Amino acid sequence: MLTSLSACATASAPRGIAPELARKVTADAAAQVRRCYRTPKIMGEGKRITTRLHVRYAPDGTILGLPTVISQSGVTPSNQIFADEMAEAAIASVVRCSPLKLPPELYEFGWNSFELTFSPALRG
């Protein structure tokens, strides 16, 4: 299940916790990462690329390994040259914001592994 968190990010919510708490925690995490996101200086068409990452966190909020790209959408022949740069920007924002301030007690509910989606075109 993906929950919309902001204009530029969505994240999968931890399972096994109350939906209201899941929304608050994922929104807080997305806000932390959003502050670290830097849109690359590329042409407008490149900013239509949406990048989905798989991210793993330790209970103390540090990332475990590098985030991996699950998929990218919005890639066209005219903006394909920017796909790697958009993925690198998304990964860099997660690394830059580590450690996140996450409730360690949610780790047991699957918070250690989730998806973040970056869509700079939706930032406004």
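These numbers were taken from a predicted model, which means no experiment stands behind them.
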_Glu45 side chain vs Ser78 backbone, donor-acceptor pair below 3.5 Å_ = no
*Identify whether Ile81 and Ile91 are in the same connected component of the hydrophobic contact network (ILVMFWY, side-chain heavy atoms under 4.5 Å).*
yes
_Atom of Met86, atom of Tyr37 and distance for their closest heavy-atom approach_ = CE-OH, 3.7 Å
_Closest non-hydrogen atom pair between Gly74 and Ile49, with its separation_ = O-CG1, 4.0 Å
*Looking at CG of Leu53 and OG of Ser93, how far apart are the two atoms once the value is rounded to the nearest 0.5 Å?*
7.0 Å
_Shortest non-hydrogen separation from Ala90 to Phe118 and the atoms involved_ = CB-CD1, 3.5 Å
*Gln80 side, atom CD; Gln72 side, atom CD - distance, nearest 0.5 Å*: 10.0 Å
*Please report the closest heavy-atom contact between Val69 and Ala87, naming both atoms and the distance.*
CG2-CB, 3.8 Å
_Same apolar cluster: Ile70 and Leu66, side chain cutoff 4.5 Å_ = no
*For Ala29 and Leu100, work out which heavy atoms get closest and say how close.*
CB-CD1, 4.1 Å
_Value rounded to 0.5 Å, distance of NE2 in His54 from OG in Ser71_ = 12.5 Å
*Taking every non-hydrogen atom, the tightest pair across Cys97 and Val33*: SG-CA, 3.8 Å
*Is Asp60 atom CG crowded by more than 12 heavy atoms from other residues, nucleotides or ligands, each under 6.0 Å away?*
yes
*asked:* To the nearest 0.5 Å, what is the distance between CG on Asn79 and CD on Glu85?
replied: 11.5 Å
*Do the non-hydrogen side-chain atoms of Arg56 and Ile63 ever get within less than 4.5 Å of each other?*
no
_Joint hydrophobic cluster, Leu116 plus Val95, side-chain heavy atoms closer than 4.5 Å_ = yes
*To the nearest 0.5 Å, how far apart are CD in Glu115 and OG1 in Thr117?*
6.5 Å
_From Tyr57 atom OH to Thr62 atom OG1, the distance as rounded to the nearest 0.5 Å_ = 9.5 Å
